[in-house]
Amino acid sequence: MKVLLDTHLLLWAAGEPSRLPARTRALIRDSANELIFSAASLWEIAIKHRLGRADFRVDPRLLRRGLLDNSYGELPITSEHAIAVASLPPLHKDPFDRVLVAQAMVEGMTLLTSDSVVAQYGEPVRRI
């Protein structure tokens with residue numbers, strides 16, 4: 001299964017894995033799953049890191065390198081992803097989360113999130 005991690009899960013998986021539920025850690029460790037991170041998440045982290053947000057203290061360059069070194073695939077944002085955002089109902093206003101949902105839909109991936117609002121989009125979003 002191709003698994004796209006939302007931004008917070010990505011941060012937790014990389015720096016605070018104990019924050020993840022046991023079943024999510026098992027899913028991440030399962031070599032049958034292809035783990036993916038989005039350029040949208042790194043973009044969000046870069047912006048919020050620069051703003052000094054306490055929950056985004058990680059250097060996005062180091063995070064990206066660590067993810068690539070740990071066999072995560074990188075998903076760029078394409079025009080198809082951007083256009084797909086327009087088809088989403090207005091459940092969530094966060095543009096980064098909306099791009100992640102659109103990417104999962106377009107690419108046929110499962111988006112894992114801890115955000116109950118993002119989870120309201122239904123398939124292909126799965127709340128952990």
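Values below: all heavy atoms of this structure, side chains included; hydrogens, waters and symmetry mates excluded. Sequence positions, counted from 1, serve as the residue numbers for this chain.
Side chains of His92 and Gln120: no donor on one and acceptor on the other come within 3.5 Å. In the model, Tyr121 has a side-chain atom that pairs as donor or acceptor with a side-chain atom of Arg98 under 3.5 Å.
Within the structure, the salt bridge (charged side-chain N to carboxylate O under 4.0 Å, His left out) test picks out the following pairs touching residues 35-54 (sequence neighbours left out): Glu44-Lys48, Arg53-Asp55.
Separating the NE2 atom in His81 from the CD atom in Glu107 is a distance of 3.5 Å, to the nearest 0.5 Å. Atom CG of Leu67 sits about 5.0 Å away from atom CG of Leu10, to the nearest 0.5 Å. Note: Asp6 CG to Leu112 CG = 8.0 Å, rounded to the nearest 0.5 Å. In this structure, Leu4 CG and Thr110 OG1 are separated by 9.5 Å, a value rounded to the nearest 0.5 Å. Note that CG of Leu111 is 14.5 Å distant from NZ of Lys2, once rounded to the nearest 0.5 Å. Taken to the nearest 0.5 Å, the CZ atom of Arg57 stands 10.0 Å off from the NE2 atom of His49.
There is no path of hydrophobic side-chain contacts, each under 4.5 Å, that joins Leu91 to Val106. Phe37 and Val58 fall within the same hydrophobic cluster, where Ile, Leu, Val, Met, Phe, Trp and Tyr residues are linked whenever their side-chain heavy atoms come under 4.5 Å apart, directly or through other members. One hydrophobic cluster holds both Leu75 and Val101 under the rule that ILVMFWY side chains link at heavy-atom gaps under 4.5 Å. Under the 4.5 Å side-chain heavy-atom criterion for ILVMFWY residues, no single connected hydrophobic cluster contains both Trp43 and Ile45. Both Leu63 and Phe56 belong to a single network of hydrophobic side chains, linked directly or stepwise wherever heavy atoms of I, L, V, M, F, W or Y lie under 4.5 Å apart.
What you find for Arg64 and Leu42 is that their closest heavy atoms are CB-CD1, 3.6 Å. Nearest approach of Leu5 to Ser41, heavy atoms of both residues: O-OG, 4.2 Å. Taking every heavy atom of both residues into account, Phe96 and Asp94 meet most closely at N-OD1, 2.8 Å. A pairwise comparison of heavy atoms in Leu100 and Ala40 identifies CD2-CB, 4.3 Å as the closest pair. Leu88 and Met105 get closest at one heavy-atom pair: CD2-SD, 3.4 Å. Arg127 and Ser114 get closest at one heavy-atom pair: NE-O, 3.4 Å.
Tyr72 places a side-chain heavy atom less than 4.5 Å from the side chain of Ile28. Side-chain contact between Val3 and Arg126 is absent, with no heavy-atom pair separated by less than 4.5 Å.
Counting only distance, with no hydrogens or angles, the side chain of Asp115 and the backbone of Val117 share a donor-acceptor pair below 3.5 Å. At least one donor-acceptor pair under 3.5 Å links the side chain of Gln103 to the backbone N or O of Pro76.
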Using residues 11-24 as the side-chain source, report each donor-acceptor pair under 3.5 Å to any protein atom, sequence neighbours left out, with the distance given to one decimal.
none

